[in-house]
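The structure under discussion appears below in the form of structure tokens.
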Amino acid sequence: MIVVTVFIEKDNPACEQVVQDLNLLQADFPHQLALVDIGEQPDLMDAYAGKTPLVQVGPYNLHTHITRQDLQVALGAARDRDSHLDKIGDKGYSKRIERGRNLSSADKISYWLSRHYMGIINVLLGIYIGLPFLAPVLARNGDLWAARAIQTIYSPLCHQLPYRSWFLFGDQPYYPRELAEITTVGAYEQMIGGNPADLATARKFIGSEEIGFGEGAVGYKVVLCQRDVAIYGFLFLFGLIFAITGRKIKAVPWYLWIILGLVPVGIDGASQLPGLIASLPDWLINRESTPVLRTITGGLFGLMTAWYLFPTIEESMRETRALLAKKIAVVPQIRR
């Protein structure tokens, strides 16, 4: 039997008239009527506010000014289509009908995820940005094995070079290369005595105790570099704001993501690569960025990526929520 779904709002005469017309057409066009009050479903209210009455008759949709004749035509077309597909034995159609009449566990899980996905993303981002700061805390308290374990986990995800990372519990928050020409703090070569070109040794360095300094003299490395801390930190910050504001923020245009997010971080990051080569030809630019530039460019990239990505995901999730909310409301009515 044809299922007719009517999205209604209380105290709406047009909705009441549509329901009355459908009941009068029941004898000539038998159908199952499912009424969905969008006022009881926030997800449906977002999708259909101001568009009621909205009538779905099989694949046909009617909205706003709906006459009895409109309903009669739609019911007749849906009946003929249903009869034709049934005669030719369309198995795909039969399966779709069956899925539409049953609320599966997958539907329930999908609906839950569509409502809570930002909470999951924010928890994961919080863990991802928090663990690298836990490593120096653990190292300072003597648990070097646990700190090293966290460093190993993040090793494939970040270069972890100490002269491009933050430090906790030391005399300085960072130890730049001499190449960066920052005179207000001690350089990596002076304070730690490392060779910047020895990448393997630099990556393994975790804190002051390993090289004989007193506790707190150099401090302990955050095992995610300055740029990545800014990137994921701003992703997390925007994710929190986006969730708190009810996921209403609109996405920035893609070209702004490229201009403000991708270009600055690409230029600042790529221009440092020659500086990791031991010997360079004179004509090649040799530069080292600064913690401030890495934070600004990384922060811009994280912010613009989140501002473009999260609202885009929300658009898709909004459609999913509306579809599943409708199914959750309709299935119990048509299975009575």
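Residue numbers run from 1 in the order of the sequence given.
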Exercise. Mark yes or no for whether Lys327, through its side chain, and Asn102, through its backbone, hold a donor-acceptor pair below 3.5 Å.
Key: yes

Practice problem: Answer yes or no: is there a side-chain heavy-atom contact under 4.5 Å between Glu181 and Glu288? | Solution: no

Exercise. Flag yes if Leu235 and Ile127 sit in one hydrophobic cluster, no otherwise; membership is Ile, Leu, Val, Met, Phe, Trp, Tyr, and two members link when side-chain heavy atoms are under 4.5 Å apart.
Key: yes

Quiz item: Measuring from Met45:CE to Glu40:CD, what's the distance to the nearest 0.5 Å?
Solution: 9.5 Å

Exercise. Just do the side-chain contact (heavy atoms from CB on, under 4.5 Å) check on Gln32 and Val330 with the steps written out, would you?
Key: CA-CA 10 Å; Gln32 286 183 287; Val330 168; over 6 Å; no

Self-check item: Stepwise side-chain contact (heavy atoms from CB on, under 4.5 Å) check, Asn195 with Thr201
Solution: CA-CA 8 Å; Asn195 178 7; Thr201 301; over 6 Å; no

Quiz item: Does Asn61 offer a backbone N or O that forms a donor-acceptor pair with the side chain of Gln56 under 3.5 Å?
Solution: no

Quiz item: Is there a path of hydrophobic side-chain contacts, each under 4.5 Å between heavy atoms of I, L, V, M, F, W or Y residues, that connects Ile129 with Leu300?
Solution: no

Practice problem: Please report the closest heavy-atom contact between Pro311 and Ala306, naming both atoms and the distance. | Solution: CD-O, 3.4 Å

Quiz item: When you check the side-chain N and O atoms of Asp268 and Gln272, is any donor under 3.5 Å from an acceptor?
Solution: no

Quiz item: Is the count of non-hydrogen atoms from other residues, nucleotides or ligands lying under 6.0 Å from Asp11 atom CG greater than 12?
Solution: no

Quiz item: Under 30°, 30 to 60°, or over 60°: which ring-plane class applies to Tyr154 and Tyr128, parallel, tilted or perpendicular?
Solution: tilted

Quiz prompt | Trp166 CH2: over 12 foreign heavy atoms closer than 6.0 Å | solution = yes

Practice problem: Answer whether the closest heavy-atom distance between the side chains of Thr52 and Ile8 falls below 4.5 Å. | Solution: no

Exercise. With sequence neighbours left out, write down each residue that passes side chain to side chain contact (heavy atoms under 4.5 Å, CB included) with Pro264, or none if nothing qualifies.
Key: Thr297

Quiz item: Can you tell if the side chain of Leu168 reaches within under 4.5 Å of the side chain of Phe133, non-hydrogen atoms only?
Solution: yes

Quiz item: With side chains defined as the heavy atoms from C-beta onward, is the minimum distance between Phe205 and Val218 less than 4.5 Å?
Solution: yes

Quiz item: Is the CD atom of Glu16 crowded by more than 12 outside heavy atoms at less than 6.0 Å?
Solution: yes

Practice problem: Would you name the heavy atoms of Cys158 and Cys225 that are closest together and state the gap between them? | Solution: SG-N, 3.2 Å

Quiz prompt | Closest non-hydrogen atom pair between Ala243 and Asn122, with its separation | solution = CB-ND2, 3.9 Å

Quiz item: When hydrophobic residues are tied together by side-chain contacts of less than 4.5 Å, even through go-betweens, does Trp257 share a cluster with Ile121?
Solution: yes

Quiz item: Looking only at heavy atoms, what is the nearest atom pair of Gly186 and Pro176, with distance?
Solution: O-CD, 3.7 Å

Exercise. Starting at CD1 of Ile267, measure out to OG of Ser289 and round the result to the nearest 0.5 Å.
Key: 12.0 Å

Quiz prompt | Glu178 side-chain N/O to Ala187 backbone N/O, donor-acceptor pair under 3.5 Å | solution = no

Quiz item: Does Arg203 reach the main-chain N or O of Ser155 with its side chain, forming a donor-acceptor pair under 3.5 Å?
Solution: yes

Quiz item: Can you check whether Leu293's main-chain N or O pairs, donor with acceptor, with Thr290's side chain at less than 3.5 Å?
Solution: yes

Practice problem: Decide yes or no for Val263 and Ile258: does some side-chain heavy atom of the first lie under 4.5 Å from some side-chain heavy atom of the second? | Solution: yes

Quiz item: Do Ile241 and Ile249 come close enough that some side-chain heavy atom pair is under 4.5 Å?
Solution: yes

Self-check item: Rounded distance [0.5 Å steps], CE in Met191 versus OH in Tyr174
Solution: 12.5 Å

Practice problem: Under the side-chain contact (heavy atoms from CB on, under 4.5 Å) rule, what do Phe169 and Val137 come out as? Steps first, then yes or no, please. | Solution: CA-CA 8 Å; Phe169 313 117; Val137 174; 3.9 Å; yes

Self-check item: Set of ring-ring contact (aromatic ring centres under 6.0 Å, His included) partners for Phe310, sequence neighbours left out
Solution: none

Self-check item: Nearest heavy-atom neighbours spanning Ser165 and Val222
Solution: CB-O, 3.8 Å

Practice problem: Let me see the working for Tyr117 and Arg247 under side-chain contact (heavy atoms from CB on, under 4.5 Å), right down to the final yes or no. | Solution: CA-CA 11 Å; Tyr117 73 95; Arg247 305 189 294 263; 3.5 Å; yes

Quiz item: If you group Ile, Leu, Val, Met, Phe, Trp and Tyr by side-chain heavy-atom gaps below 4.5 Å, do Leu323 and Val6 land in one group?
Solution: no

Quiz item: Within the side chain of Gln160, is there an N or O that forms a donor-acceptor pair under 3.5 Å with the backbone of Gln151?
Solution: yes

Self-check item: Other residues, nucleotides, ligands: >12 heavy atoms within 6.0 Å of His116 NE2
Solution: yes

Quiz prompt | Side chains of Val19 and Leu33 in contact at under 4.5 Å (non-hydrogen atoms) | solution = yes

Self-check item: Mutual orientation of the aromatic rings belonging to Phe167 and Tyr175 [parallel < 30°, tilted 30-60°, perpendicular > 60°]
Solution: perpendicular

Practice problem: Would you please say whether a donor-acceptor pair under 3.5 Å links the side chains of Ser110 and Asp107? | Solution: no

Quiz item: Under a 4.5 Å cut-off applied to non-hydrogen side-chain atoms, are Arg81 and Tyr60 in contact?
Solution: yes

Tell me which donor-acceptor pairs under 3.5 Å the side chains of residues 72-80 have, and how far apart each pair is, sequence neighbours excluded?
none

Quiz item: Taking the six-membered ring of Tyr163, is the NZ or CZ of Arg177 close enough (under 6.0 Å from the centre) and on axis enough (within 45°)?
Solution: yes

Self-check item: Separation between CD of Glu9 and CG of Asp37, rounded to the nearest 0.5 Å
Solution: 8.0 Å

Exercise. Inspect the contact between Arg321 and Glu314 and indicate whether a charged nitrogen and a carboxylate oxygen are less than 4.0 angstrom apart.
Key: yes

Self-check item: Distance (rounded to the nearest 0.5 Å) between Ile38 CD1 and Asp43 CG
Solution: 11.5 Å

Practice problem: Enter the distance from Thr305:OG1 to Leu262:CG here, rounded to the nearest 0.5 Å. | Solution: 7.5 Å

Quiz item: Honestly curious: do Leu131 and Tyr232 fall in one hydrophobic cluster under the side-chain, below-4.5 Å linking rule?
Solution: yes

Quiz item: Is a side-chain N or O of Asp21 found less than 3.5 angstrom from the main chain of Val18, in a donor-acceptor match?
Solution: no

